[in-house]
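Written out below as structure tokens is the structure these notes cover.
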Amino acid sequence: MSARGAPRTLVDRLLAGHSALVYLFFYAPILLLMVFSFNDNDNVQIWTGASLRWYRAMFENDAVMSALRNSLVVALLSTVVSTIIGTMLAIALERYRFRGRGALDGLAYLPIIIPDVTMAVMLLIFFFQSLGIVNDIFGTSLGAGLGTITLAHIAFNISFVAVVVRARIAQFDPAMEEAAADLYASRWQTFRRVTLPLIAPGVAGGALLALTLSLDDVVITQFVSGPGSATLPVYVFGLVRRGVTPLINAVSVVMLVASMILVAISLGFQRGSVARGQGLADPAALEEDLRGSRSDAETSPAI
Amino acid sequence: MASEGGERGERLMTTTRRRPDLDEETPVTPELEKAAEKAESRRGFLISVPAYGYLVLFFALPLVLVLVYSFASRSSTGRTLLEDWNVESYRRLFSDLVLEISARSFLLALVTTLLCLVVSYPFAYYIATRTPRIRNVLLVLVMIPFWSNFLVRTYAWRVILGSDGFVSQISQAFGGEEIRVLFTIWAVLIGLVYGYLPFMVLPLYAAIERLDWSLVEAARDLYANGFTAFRKVTLPLSMPGVVAGSILVFIPSLGAYVTPAILGGARETLLGDYIVSQFLTARNWPFGSALSFAVMFVMLLATIFYFRAGAKTL
């Protein structure tokens with residue numbers, strides 16, 4: 001049992017050893033996959049030498065490239081929209097009291113907590129039903145595709161962006177905004193010159209996380225995609241279920257490295273929040289927040 | 001005069017909410033404050049409208065639709081008929097097959113949660129007791145795999161556990177048997193623990209990092225040995241983290257779909273897989289909806305349990 005700064009004891013050594021093993025558990029599979037993606041052999045498991053053969057094959061594969069294009073289109077669109085809406089949501093929840101705030105707070109957390117499969121089912125039924133109605137009324141023949149995938153990604157990304165941005169807003173003193181107002185800045189000027197620069201790292205971090213989640217999502221996308229609109233993870237998932245091939249290894253490594261880089265940059269932007277165990281570093285705080293806001297809603301008089 | 005009042009209300013609002021000495025000419029009456037508060041609340045609402053609208057349309061409404069569908073009936077060709085409302089889908093939830101699948105999924109989620117807890121606690125404790133600089137590095141090293149591609153991380157285990165994968169090769173090199181883990185429930189367990197471990201680590205870390213170490217010192221001063229101090233002070237104080245982490249691991253494990261699809265066998269169906277098959281292959285949407293709703297209901301119970309437990313321990 002060692003408090004901070006105490007000399008190393010046996011327990012401390014054991015803890016250190018255990019932690020090293022946990023990190024090994026986290027990273028060894030990833031590293032092995034990376035190494036084997038450079039394998040020259042047709043058989044995934046037998047190492048015959050390093051080569052970029054499968055990476056070349058990946059770039060020459062039309063299906064992979066078209067899936068990649070779909071992924072990028074969806075990810076960029078959904079990131080832009082969800083970042084704007086999510087940031088507004090974060091500001092509203094963190095800085096204002098209004099009727100229905102408690103309900104919105106709960107609603108905003110649900111997409112984070114709910115299992116993928118159930119959200120996928122919800123959106124499948126919703127799009128099936130609503131596209132049917134729209135097509136009946138306007139005589140169109142809209143179907144599931146990149147549009148429905150983008151709409152679905154925005155739905156879950158808003159919540160993640162809001163959590164990251166909220167952690168950032170909670171860190172700075174509202175007095176800064178008040179000072180601007182005291183100096184006769186209009187609301188818009190205050191937002192533009194004070195609030196936005198202060199929350200910018202949070203917004204950037206949230207946007208990158210949204211981009212990552214959108215590029216990585218399989219289950220929800222699979223349910224709301226239509227013919228020809230498979231994104232890269234959906235395409236890879238389909239292949240993986242049939243077996244392991246060197247081509248999948250190469251594509252997987254590209255996806256993994258891309259998402260790790262995006263996450264690392266996102267965490268860099270959220271640095272302060274990570275250190276304080278806020279936002280995404282701390283799902284517990286997330287839940288606590290939810291509870292806090294619930295009790296707020298109960299005690300504060302209806303305005 | 002009325003417009004002036006409105007303007008003043010506007011200005012008052014942009015500054016602090018309660019500051020009676022702001023302007024000496026006109027006393028800030030309760031009415032004025034109330035008007036300012038009202039405008040403030042309206043502004044907050046307006047800012048939240050896009051998110052509100054979006055989440056109601058693309059989340060709350062779909063949720064209600066699932067509930068509606070779960071009472072619908074099904075034509076012989078598999079089309080969902082929004083008529084002849086019935087509870088047949090819910091009755092089927094209690095059939096032997098569904099109970100068996102649910103029991104298996106529950107057990108798997110429970111074992112996953114316990115394993116994550118046992119592995120994570122000492123790990124989170126270690127991270128939380130480092131100096132802030134080291135702590136941040138260690139934490140980021142947990143979060144990078146956490147948020148990066150889940151599908152690929154699961155796929156990596158398929159490569160490792162495959163019939164002539166690394167585990168098997170290592171075992172055979174040491175003269176052991178060929179190990180067949182892939183396509184069994186054990187492979188799914190490994191995949192789930194691997195995928196959701198950070199869900200447990202992060203809340204535990206937050207709870208341990210936050211706790212008041214002077215209490216542990218006090219226990220030691222009162223001649224508690226290290227283990228007793230841990231059992232009577234540290235552990236109870238970190239309980240909110242334990243409960244939060246457990247729920248955050250249990251919920252996705254219960255509804256897991258990608259992990260069993262990649263690592264699991266065909267014979268041991270799990271809930272997530274079963275729900276998906278109702279929509280993509282069996283085409284029984286009402287029954288699939290009832291299943292999803294049941295999973296969400298359990299999730300809701302777990303969350304409520306968390307709030308209760310958390311309220312007691314905090």
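Reminder, nothing fancy here: chain letters follow the sequence lines and each chain counts from 1.
- Among the candidates A:I261, A:L89, A:V219, A:V22, the residue making the largest number of heavy-atom pairs closer than 4.5 Å to chain B is A:V22.
- With a threshold of 4.5 angstrom between heavy atoms, B:V276 approaches chain A through its backbone and through its side chain.
- At a 4.5 Å heavy-atom cutoff, B:L254 makes no contact with chain A through either its backbone or its side chain.
- Contacts between A:D217 and chain B at a heavy-atom distance below 4.5 Å are absent for every atom of the residue.
- Atom CG of A:L110 sits about 9.5 Å away from atom CG of B:L55, to the nearest 0.5 Å.
- Both the backbone and the side chain of A:I248 come within contact range of chain B, judged by heavy atoms closer than 4.5 Å.
- Considering only heavy-atom pairs separated by less than 4.5 Å from chain B, the leading option among A:I125, A:T118, A:V263, A:V236 is A:I125.
- For the pair B:S48 and A:L93, the minimum side-chain heavy-atom distance is 4.5 Å or more.
- Of the two parts of A:I114, the backbone and the side chain both hold a non-hydrogen atom closer than 4.5 Å to a non-hydrogen atom of chain B.
- The contact between A:M119 and chain B is made entirely by side chain atoms (from C-beta outward), counting heavy-atom distances below 4.5 Å.
- Proximity to chain B is absent for every atom of A:F156, based on heavy atoms less than 4.5 angstrom apart.
- Within the 4.5 angstrom heavy-atom criterion, atoms from both the backbone and the side chain of B:V142 approach chain A.
- Contacts of A:I85 with chain B are made by both backbone and side-chain atoms, with heavy-atom separations under 4.5 Å.
- The backbone N or O of B:G241 sits nowhere less than 3.5 Å from a side-chain atom of B:S238 that would complete a donor-acceptor pair.
- For B:L57, the parts lying near chain A are the backbone and the side chain together; criterion is any non-hydrogen pair under 4.5 Å.
- If you tally non-hydrogen atom pairs under 4.5 Å between each of A:I84, A:I91, A:T212, A:L124 and chain B, the highest count goes to A:L124.
- For the residue pair B:Y125 / B:T234, no side-chain donor-acceptor distance below 3.5 Å is found, with atom types taken as modelled.
- Both the backbone and the side chain of B:L141 come within less than 4.5 Å of a heavy atom in chain A.
- By the 4.5 Å heavy-atom criterion applied to side chains, A:P246 and A:F36 are not counted as neighbours.
- Contact of A:T245 with chain B is made through the backbone alone, with heavy-atom distances under 4.5 Å.
- Expressed to the nearest 0.5 Å, how far CG of A:L32 lies from OG of A:S37 amounts to 11.0 Å.
- Geometric assessment of B:R130 against the ring of B:Y126 yields a positive cation-pi assignment under the 6.0 Å and 45° thresholds.
- Contacts of A:V244 with chain B are made by both backbone and side-chain atoms, with heavy-atom separations under 4.5 Å.
- Both the backbone and the side chain of B:L138 have a heavy atom closer than 4.5 Å to some heavy atom of chain A.
- Looking at B:F123, the atoms closer than 4.5 Å to chain A (heavy atoms on both sides) sit in the backbone and in the side chain alike.
- The parts of A:I154 that come within reach of chain B are both its backbone and its side chain, each placing non-hydrogen atoms under 4.5 angstrom from that chain.
- Although no hydrogens or angles enter the test, the distance criterion places a donor-acceptor pair under 3.5 Å between the side chain of A:T148 and the main chain of A:V224.
- For an aromatic pair to be called close, the ring centres must be under 6.0 Å apart, and B:F293 with B:Y69 fails this.
- Comparing B:Q278, B:M296, B:R153 by heavy-atom pairs within less than 4.5 Å of chain A, the highest count is held by B:M296.
- Proximity to chain A (any heavy atom under 4.5 Å) is shown, for B:V64, by neither the backbone nor the side chain.
- For B:Y52 and A:F98, the ring centers sit 6.0 Å or farther from each other.
- Looking only at heavy-atom pairs under 4.5 Å with chain A, the residue among B:V66, B:L65, B:L151 that has the most is B:L151.
- Using a 4.5 Å cut-off between heavy atoms, A:A108 touches chain B through backbone and side chain atoms alike.
- Comment: A:R95 does not engage A:E178 in a salt bridge, judged by the lack of any side-chain N to carboxylate O separation of less than 4.0 angstrom.
- Counting heavy-atom pairs under 4.5 Å between each of B:V119, B:V56, B:I251, B:T154 and chain A puts B:V119 at the top.
- Of all the listed residues (A:I30, A:L151, A:V218), the one sharing the greatest number of non-hydrogen pairs under 4.5 Å with chain B is A:L151.
- Between B:F59 and B:Y54, the ring center distance fails the sub-6.0 Å criterion.
- Ranked by heavy-atom pairs shorter than 4.5 Å toward chain A, the options B:L63, B:V295, B:V49, B:I275 are led by B:L63.
- Without hydrogens or angle criteria, A:S259 side chain to B:N149 main chain gives a donor-acceptor distance under 3.5 Å.
- The distance from the CZ atom of B:R220 to the CG atom of B:N225 is 7.0 Å, given to the nearest 0.5 Å.
- Judged by distance alone, with hydrogens and angles left aside, the side-chain atoms of B:R158 form a donor-acceptor pair with the main-chain N or O of A:V240 at under 3.5 Å.
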